[in-house]
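A quick write-up on the structure given underneath.
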2 protein chains.
Amino acid sequence: MTRVLVVDDEPSIVRALRINLTARNYEVSVAIDGASGLAAAARDRPDVMILDLGLPDMDGTEVIRGVRGWSSTPIIVLSVWGQESQKVAALDAGADDYVTKPFGMDELLARLRAAVRRASPAPDEPVVKTGHFTVDLAAKRVIRDGGGDISLTPTEWQLLEVLVRNRGRLVTQRQLLQEVWGPAYETESNYLRVYVAQLRRKLEPEPSKPRYLRTEPGMGYRFGD
Amino acid sequence: MTRVLVVDDEPSIVRALRINLTARNYEVSVAIDGASGLAAAARDRPDVMILDLGLPDMDGTEVIRGVRGWSSTPIIVLSVWGQESQKVAALDAGADDYVTKPFGMDELLARLRAAVRRASPAPDEPVVKTGHFTVDLAAKRVIRDGGGDISLTPTEWQLLEVLVRNRGRLVTQRQLLQEVWGPAYETESNYLRVYVAQLRRKLEPEPSKPRYLRTEPGMGYRFGD
DNA sequence: CCTGGGCGTTAAGGTTTTATCAAGATCACG
DNA sequence: CGTGATCTTGATAAAACCTTAACGCCCAGG
């Protein structure tokens, strides 16, 4: 289910969006100012954001920059008609699209679909096989060779997913922490050690001699066979 | 240089776009109907397309679908005001953005920049091959010809990275020390000797007769084959 | 022939980073 | 409200890494 974060302080707009989006099977969360919008983006990891530029507490482009610092989640911006320069500033700050109020719900929904579609360009090989187990990204399953599911906790799964999507490539500790725990946890590298160890215990044939979940000391981890 | 394909049959718009885009250092090509637009897209491989929906020969969404069949080049659509359903159809067909005529050139340019930025996440050419090994900057990996990873420590990587990014060029000791250890270490040329030696031991077929990591006495080092 | 500077090599010490374990806190669910 | 699973946090031992210093080589210049 696609998760949408709406950042807007006008109750009528929030209400309209919530109803329409929920009816179309989006999962909607709402923030009513910039600061809580940034917090919500970090916490909820929405698949797409709808952001009103006329927020009470901070400039819309600041919010965009705040999110763009660590995430490439698509951002669709809302603003009143005629603010040409604002449009330009928002797009240059990293917004993906722009809708003028009052807007037609159909248009907004179409732009939303377009944004989400653009953002997910990875319909590639959702199944990765190694010599000892198979990871099915789409089905969220790990199957041991010779049969038998390996069950992972949500955090373990997220971590494995990031590594597998970048298989062969080194993923820095920062990036892992950011993508799994959020930008506020960039320095909590202990979490990584604990969870990498758990994954190794579940996946590796010899957990003390990791073959698939490899450590690159001082840099990060790498999934590879 | 970014290549833009404009598909529009209104001479005044074509002229305005050509002037403005050329002035901003885009390379502009033009087609005046849908059929030649599709042909031009296939032939020129533009980095981004600007497409007017009101073409004489075919429906705009058909053009979009035609391009989307084989390419993910960003498409920005132009159309007259008020055709709400047309917007929706175009976005759903695979357009990336939508601008209503009459439009402000600033806005169009901003949307163009946003579209190009989204589409090109990889500006680098991060793989360098020599006769004995391959350096993949993005994956932070060195692979020996004949298979087998060579693992490097963080400092070794940084040093190798600076040299490889400047391959063929002489890099002074100062520059290396500054980029790897920081400006305070400009004179610690002993560090360089230690780490260059380590890299040679790991990479060179004959470490005592360096072929890829060459010393330029009194000056610095050079990566080359 | 001697001397000194630049470079290559090596290895020990100290520091930082990582693996592993275990217990307390928190969350989800009935 | 209780229970089990999951997540956080801290401690400790092991491993990897960086720094530093010493020594030898080569070559140019005195």
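Nothing here was measured: the structure is a model prediction, and the numbers come from that model. Quick note: numbers below take in every heavy atom, side chains included, and nothing from hydrogens, waters or symmetry partners. We name chains A, B, ... by the order of the sequence lines, and we start the count at 1 in each one.
His132(B) places none of its side-chain heavy atoms less than 4.5 Å from the side chain of Asp145(B). Side chains of Leu176(B) and Val196(B) form no contact here, defined as non-hydrogen atoms less than 4.5 Å apart.
Look at CZ on Arg174(A): it is 17 Å from C1' on dT17(C), rounded to the nearest Å. dT6(D) atom P lies 15 Å from atom CH2 of Trp157(A), rounded to whole Å. Atom pair Tyr195(A):OH and dT6(D):P shows a separation of 9 Å (rounding to whole Å applied). We find that CG of Leu213(B) is positioned 11 Å from P of dG8(C), with the value rounded to whole Å. Going from atom CD of Gln198(A) over to atom P of dA19(C) covers 13 Å, rounded to whole Å. One can place CG of Leu159(A) at 12 Å from P of dT8(D), the figure rounded to the nearest angstrom. Rounded to whole angstrom, the span from the CG atom of Leu199(B) across to the C1' atom of dG8(C) amounts to 14 Å. Rounded to an integer number of Å, the gap from CD of Glu188(A) to C1' of dT8(D) is 9 Å.
The aromatic rings of Tyr191(B) and Tyr185(B) are tilted relative to each other, their planes meeting at an angle between 30° and 60°.
Fit an axis to the five pairs at each end of the helix from dC1(C)-dG30(D) to dG30(C)-dC1(D) and the two axes sit 30° apart, to the nearest 10 degrees.
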request  = Any chance you could list the contact pattern along nucleotides 20-30 of chain C? Use B for base contacts, S for sugar-phosphate-only contacts and - for none, protein heavy atoms under 4.0 Å, 5' to 3'.
outcome  = BB---------
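A salt bridge links Arg174(B) with Glu186(B): the distance from a Lys NZ or Arg NE/NH1/NH2 to an Asp or Glu carboxylate oxygen falls below 4.0 Å. Classification of Arg68(B) and Asp96(B) as a salt-bridged pair holds, one side-chain N sitting under 4.0 Å from a carboxylate O. Salt bridge status for Lys140(A) with Glu161(A): present, with a side-chain N to carboxylate O gap under 4.0 Å.
When the nucleotides dC18(D), dT18(C), dC7(D) are ranked by their closest atom to the side chain of Thr153(A), dC7(D) comes out on top. Picking from dC7(C), dC18(D), dT6(D) the nucleotide with the shortest atom distance to the side chain of Gln173(B) gives dC7(C). The side chain of Pro217(A) sits closest to dC17(D) out of dC7(D), dC17(D), dT8(D).
Close to dA19(C), at under 4.0 Å from its OP1 or OP2, lies a side-chain N or O of Tyr221(A). In terms of phosphate contacts, Tyr191(B) brings no side-chain nitrogen or oxygen within less than 4.0 Å of OP1 or OP2 of dC18(D). Between Trp181(B) and the phosphate of dT19(D), there is a side-chain N or O to OP1/OP2 separation shorter than 4.0 Å. Regarding contacts with the backbone of dG8(C), a side-chain N or O of Thr215(B) is found under 4.0 angstrom from either OP1 or OP2.
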query = Passes side chain to side chain donor-acceptor pair (under 3.5 Å), Thr2(A) versus Arg113(A)? Steps please.
reply = CA-CA 10 Å; Thr2(A) 308; Arg113(A) 285 193 295 276; over 6 Å; no
query = Between Leu203(B) and Arg144(B), does a side chain to side chain contact (heavy atoms under 4.5 Å, CB included) hold up when you go through it step by step?
reply = CA-CA 8 Å; Leu203(B) 302 179; Arg144(B) 200 192 310 278; over 6 Å; no
Side chain to side chain contact (heavy atoms under 4.5 Å, CB included) between Asp97(B) and Arg111(A), intermediate numbers included = CA-CA 8 Å; Asp97(B) 208 341; Arg111(A) 288 188 185 274; 3.2 Å; yes
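Within the 3.5 Å criterion, the main-chain N or O of Arg169(A) finds no donor-acceptor partner in the side chain of Asn166(A).
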